[in-house]
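Values below: every heavy atom of this structure, side chains too, minus hydrogens, waters and symmetry copies. Sequence positions, counted from 1, serve as the residue numbers for this chain.
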Amino acid sequence: MRALFLLLLVTASLSAQEAPTVQTNQTSAPDINAMILSEVARIPEGGKYAANRYAILQLQSTAHFEKGKFFTIPDAPFPSFCSGATYLIFIRVLEDLRRMDAVKLEPATLSQLIIRGQPDGAGIWGRWNANGPGTARLFHELGLGRNFTDYAKARPGDFLKIFWTEEVGKKERGHSVIYLGRETVDGVEQVKFWSSNIPDGYGTKSVPRSKIAHAIFSRLEKPERLNRIGSIPATDPYLGSLLEVESSIAEAGRKSGI
């Protein structure tokens, strides 16, 4: 009787070991910040900073749309400017997400992403390229992700608008960048970022945090909500006015949902 019990116990144990493991079909959401950093690493350094018509034409030729896809990696560095640099990364990551089948963008949305010389505040590119909180305002209008000002909450790969002074709008001095983190150099806290920087163009740069008057971070979390672009005004009157009108960091925060 004892022998039979032991035989049954061993048989049950072997059956349990041979039973296949059940695999769940759960996939984690892509780490968009990590994808942004990967795309940053692919951009050739240099090319010089230039905010002129030639730089815009170069941007349009590089960020071109062909056969349903965006091609946004320059073969060589060329004259560029900050909002154009960060927009290249933005649409390249969108293309990566589409290729992974992690996001589906409607044809009308893809058309809106194309750079056609839109004025400030108009469409997606015109919002991104505007003075003030262009990227943050776009993210807030469409619900693309959170906007915030706390460095402690920031992650490398967040989009960041730097305001060098208290001025927002007509007299603004700002910089559109991708945040890379903070570091301490000779006892001074530095903010590290990637963009098209004066004077060298594409590359990384660190500045003392004390030189930044204000910072608005934007984290891309819901890129599929770009499909809402047809539900908002063709031109954002606030962003569209900032070449001629003065604003404030408080108003910029309110317009960004902060």
Hey, does the side chain of R225 reach the backbone of G143 with a donor-acceptor pair shorter than 3.5 angstrom?
->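 Yes; at least one donor-acceptor contact below 3.5 Å.
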Q118 side chain to I114 main-chain N or O, any donor-acceptor pair under 3.5 Å?
->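 Here the side-chain-to-backbone pair exists.
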Do the side chains of [Y] and [X] get nearer than 4.5 Å, heavy atoms only?
X: W128; Y: L138; answer: yes
X: L242; Y: D120; answer: no
X: L113; Y: F90; answer: yes

What pairs meet the side chain to side chain donor-acceptor pair (under 3.5 Å) rule with one or both residues in residues 136-145, with sequence neighbours excluded?
->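 Sorted pair list: R127-E141, R137-D236.
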Can you pull the side chain to side chain donor-acceptor pair (under 3.5 Å) pairs that have at least one residue in residues 176-185, sequence neighbours excluded?
->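 Side chain to side chain donor-acceptor pair (under 3.5 Å) check on residues 176-185 returns T86-S176, R182-E189, E183-S206.
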Ion pair present between [X] and [Y], side-chain N to carboxylate O less than 4.0 angstrom?
X: K104; Y: E224; answer: no
X: R98; Y: E95; answer: yes
X: R92; Y: E39; answer: yes

With hydrophobic residues grouped by side-chain heavy-atom distances under 4.5 Å, do I36 and L97 end up in a single group?
->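 Both belong to a single hydrophobic cluster.
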Hey, could you give me each pair passing salt bridge (Lys or Arg N to Asp or Glu O under 4.0 Å) that has a residue in residues 150-165? Not counting sequence neighbours.
->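 Pairs touching residues 150-165 that pass the test: D31-R155, D158-R219, K161-E172.
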Partner residues of K222 under the salt bridge (charged side-chain N to carboxylate O under 4.0 Å, His left out) criterion, sequence neighbours left out =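 Salt bridge (charged side-chain N to carboxylate O under 4.0 Å, His left out) check on K222 returns nothing, list empty.
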Under 3.5 Å, which donor-acceptor pairs link side chains of residues 251-258 to any protein atom two or more places apart or in another chain?
unit_1: E251; atom_1: OE1; unit_2: S247; atom_2: OG; d: 2.7
unit_1: S256; atom_1: OG; unit_2: A252; atom_2: O; d: 2.8

F139: partners by ring-ring contact (aromatic ring centres under 6.0 Å, His included), with sequence neighbours left out =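 Not a single residue meets the ring-ring contact (aromatic ring centres under 6.0 Å, His included) criterion with F139.
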